[in-house]
Amino acid sequence: MPLLLARDIEKAYGDRVVLRGVGLRLDDGERVGLVGVNGSGKSTLLRILAGSETADHGDIELHGSRALLSQVPDLPGTTVQDALDDAVAWHARLIAEFHAASEGRDLGALAALQDRIDRVGWSVDHRVDAVADRLGLPPRDASIAHLSGGELRRVALARVLLQQPRLLMLDEPTNHLDAETCEWLQALLAGWPGGVLLVTHDRYLLEAVATRIVEIEDGQAVSYEGSYADYLIARAERRARLELAEDRRLALIAREAEWASRSPAARSTKQKARLQRLDELRAARPLQRQERFSLDLRTGFRKGGALIELHGVGKRFGDRRILDGVDLVLRPGETVGVIGPNGAGKSTLLRVLAGALAPDAGEIHRAPRLRPAILDQDRTGLDPAATVFEAAGDGNDHVFIAGEPVHVRSFLGRFQFPRDSHDQRVDKLSGGERARLLLARLMLHGANLILLDEPTNDLDLLTLQVLEEALLAFDGGALVVTHDRAFLDRVCDRVLAFEGDGRVVEYASRLQHLAAVEARRAAAGDRPPSAGARRRPPRPPSTRLTYKEKRELEALPGRIEALEQELAGIEATLADPATWQAGADVDLRALTARLDRLPAEIDALLERYCELEERA
């Protein structure tokens, strides 16, 4: 019996049909990634499946509990504690049912309830504390009304995880999470004891978690078995077949229409059938061509000296040190990633670079022709009351691209804004549509220093790839604050990591930073050290080695070295952006599965080696 079975789901808003006959089945143990361009109906479908919005047509069967993390959460209660208490109210009801069954001596119900309590525990306080700590929630007594958008999202994510539903539905769960928390969430979802339906732009998360990909395409659901990498290949093949079939249909229509215009419509059965076939060909729904829009941020800026330099820059807010002696040199053609936990000061650094915030200490040297532009987390810079047409052209009918006038409607068409959306108010746009409009305006700005604060939030995967390619070709400098690991690995030349108390350290890559963090934790004893530096277990009782054990001891160093080399090779392969591109001849599912098993195998051999060596 499936956890979820949806049939013929249809939904329209006015004249705009979003979903047209969507069917979806999700079985227990499946983790489905839901993908599609912005505005395709992913969030709408999740709301319908969660019961927070009604469909115009169709029916849904659900077997088990469900919970939805929406992009705009609505939290119960007045404080963070109220919201968390509401999330675990199911546990209090379970305990109450157990006591009632005990008093009523209902042995069958009592055994079933005892089994459930054994699985979840008699108390959930430790689980609440652990999730709150991992997600970096605000203080429990903090007022919900005063939380930022990111804090609201993290509390909402904590709630759906604590509810422990059989079917977990998540709409962009990694928004406002730092990279380390994304890693934790990834591991949690990969082992979720039920079903997961996931909308996310995080490609590493999709690849690691999803067992199947469902794409919302032209209002319908198309299912692809396998991982995200499998989906990319299968989708390309399917689109090629569909486009070939569409070209044949159009050619046949043209040929039959020419025949119909030349030949009088006779009453013969043969000619009537031919005319009927022409009508059927014309009535068939045309294939929706998926055109990639272009984003060209280049300004023709001549490369030379540094665009901006920071020397010993410091910034404090009251007693809190945000930036402490930060040094940075950014040159044309460079893209630098900025990483660190939420609230560390990443956005503050961007505001200092943009000139919107003055530092308390240090020096900043800017190139004479520096033109900065910033895309902030809140997507400000757009008048909520303006229409899309007015926002794109600042009230003008034309914009200028490379010195040439282009009508605003044509310009918006390049960024996949259909004509019927041009008169829509900005405050009615989705988060992804608002981000895409700001990127379009960024192209007109002609900035040679681009500062992007969580640019990947709410972007669909197609727009994300377009932004990556634009930054790779950009002739200016860019600083990007993002938790998107794939984006960092592909686009950034180096990273700045916030490591606490205003300290900012430069690394050659995200992976180098991770290695440094792991080494520090191992040295501090916060977690088991790396495979090559494990402590020996306590000395076992001394006994002589058998001949077989001596041979085993001699072979163990070579076996351990071979496994560590295999581990390093897999990590290098997965760190290479080319591995994740469509067409790469790599079995990503097998690699990631092997990556998960290798550390345990190395640990076991090391422990065996230490045991035999002590006895030798």
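Scope of the values below: all heavy atoms of this structure, side chains included, with no hydrogens, waters or symmetry mates.
The two residues P359 and K315 make their nearest non-hydrogen contact at CA-CD, 4.2 Å. When all heavy atoms of D178 and G340 are compared, the closest pair comes out as CB-O, 3.5 Å. The heavy-atom pair separating F498 from P341 by the smallest distance is O-CD, 3.7 Å. Considering all non-hydrogen atoms of both residues, V399 and G393 come closest at CG1-CA, 3.9 Å. Across all non-hydrogen atoms, the minimal contact from L162 to W90 is O-NE1, 3.0 Å. In plain terms, the two heavy atoms of D427 and R425 that are nearest each other are OD2-NH2, 2.6 Å.
To the nearest 0.5 angstrom, L449 atom CG is 13.5 Å from R369 atom CZ. One finds the CG atom of L479 at 12.5 Å from the NZ atom of K346 (value rounded to the nearest 0.5 Å). L84 contributes atom CG, which lies 11.0 Å from atom CG of D125 (distance to the nearest 0.5 angstrom). H146 NE2 to E151 CD: the interatomic distance, rounded to the nearest 0.5 Å, is 12.0 Å. Residue S70 holds its OG atom at 9.5 Å from CG of L46, rounded to the nearest 0.5 Å. Here the CG atom belonging to L170 is positioned 9.0 Å from the CG atom belonging to L205, to the nearest 0.5 angstrom.
A donor-acceptor pair under 3.5 Å is absent between the side-chain atoms of R298 and the main chain of F474, judged by distance alone. Not one N or O on the side chain of R490 forms a donor-acceptor pair closer than 3.5 Å with the backbone of L472. E518 contributes no side-chain N or O that, together with a main-chain N or O of A515, makes up a donor-acceptor pair within less than 3.5 Å. Without hydrogens or angle criteria, D86 side chain to D82 main chain gives no donor-acceptor distance under 3.5 Å. Between the side chain of R159 and the backbone N or O of A83 there is at least one donor-acceptor pair closer than 3.5 Å. For K42 (side chain) and G36 (main-chain N/O), a donor-acceptor pair under 3.5 Å exists by modelled atom type. Of the possible donor and acceptor atoms, one in the side chain of D475 sits under 3.5 Å from a partner among the backbone N and O of T299. For D360 (side chain) and R316 (main-chain N/O), a donor-acceptor pair under 3.5 Å exists by modelled atom type. Distance alone, capped at 3.5 Å, is enough to place a donor-acceptor pair between the H483 side chain and the T174 backbone. Panel note: side chain N448, backbone P332; no donor-acceptor pair is recorded below 3.5 Å.
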Exercise. Begin with the C-alpha distance, continue with both residues' side-chain angles, and end with the deciding distance and a verdict on side chain to side chain contact (heavy atoms under 4.5 Å, CB included) for I308 and L310.
Key: CA-CA 7 Å; I308 192 167; L310 275 62; 4.1 Å; yes
Exercise. Determine, stepwise, if the pair L496 / V505 fulfils side chain to side chain contact (heavy atoms under 4.5 Å, CB included).
Key: CA-CA 6 Å; L496 296 177; V505 181; over 6 Å; no
Quiz item: Could you go step by step and tell me if Q164 and R127 meet the side chain to side chain donor-acceptor pair (under 3.5 Å) rule?
Solution: CA-CA 11 Å; Q164 293 192 303; R127 183 172 298 155; 2.9 Å; yes
Exercise. Could you go through the side chain to side chain contact (heavy atoms under 4.5 Å, CB included) check for Y204 and D489 one step at a time?
Key: CA-CA 11 Å; Y204 284 0; D489 292 345; 2.8 Å; yes
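A salt bridge links E334 with R494: the distance from a Lys NZ or Arg NE/NH1/NH2 to an Asp or Glu carboxylate oxygen falls below 4.0 Å. With respect to the salt-bridge test (charged N to carboxylate O, under 4.0 angstrom), the residues D484 and R203 qualify. Between R520 and E499 there is a salt bridge, since at least one side-chain N of the basic residue sits less than 4.0 Å from a carboxylate O of the acidic one. Salt bridge annotation for D171-R47: absent, with no cationic side-chain nitrogen under 4.0 angstrom from a carboxylate oxygen. Contact check on R485 versus E183 returns a salt bridge, with a Lys/Arg side-chain nitrogen under 4.0 Å from an Asp/Glu carboxylate oxygen. Using a cut-off of 4.0 Å between Lys/Arg side-chain N and Asp/Glu carboxylate O, R521 and E180 are scored as salt-bridged. Between R503 and D324, no side-chain nitrogen of the basic residue sits less than 4.0 Å from a carboxylate oxygen of the acidic one, so the salt-bridge criterion is not met.
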Could you pull out every donor-acceptor pair under 3.5 Å between side chains of residues 136-145 and any protein atom, sequence neighbours left out?
residue: R140; atom: NH1; partner: Q81; partner atom: OE1; Å: 3.2
residue: R140; atom: NH2; partner: D129; partner atom: OD1; Å: 2.8
residue: S143; atom: OG; partner: A145; partner atom: N; Å: 3.3

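The six-membered or imidazole ring of H365 lies near that of H311, with a centre-to-centre distance under 6.0 Å. Between H91 and H126, the gap from one ring centroid to the other reaches at least 6.0 Å.
Using a 4.5 Å heavy-atom cutoff, the side chains of L412 and V388 are in contact. Side-chain contact between I216 and V35: absent, with no pair of heavy atoms (C-beta onward) separated by less than 4.5 Å. Residues T463 and V37 have side chains not in contact (no heavy-atom distance under 4.5 Å, counting atoms from C-beta outward). Put simply, the side chain of L168 does not reach to within 4.5 Å of the side chain of L197, judged on heavy atoms. Taking the side chain as every heavy atom from C-beta outward, L157 and L177 approach each other to under 4.5 Å. Residues L68 and S52 are in side-chain contact: their nearest non-hydrogen atoms beyond the backbone lie under 4.5 Å apart. Side-chain contact check for N457 versus T482: every heavy-atom pair is 4.5 Å or farther apart. Contact of the L467 side chain with the F487 side chain is registered, since non-hydrogen atoms from C-beta on lie closer than 4.5 Å.
Taking the six-membered ring where tryptophan is involved, the planes of Y507 and H513 are perpendicular, since the angle between them exceeds 60° and thus also 30°.
Remark: R351 engages no residue in a side-chain hydrogen bond (donor to acceptor under 3.5 Å, both in side chains) (not counting sequence neighbours).
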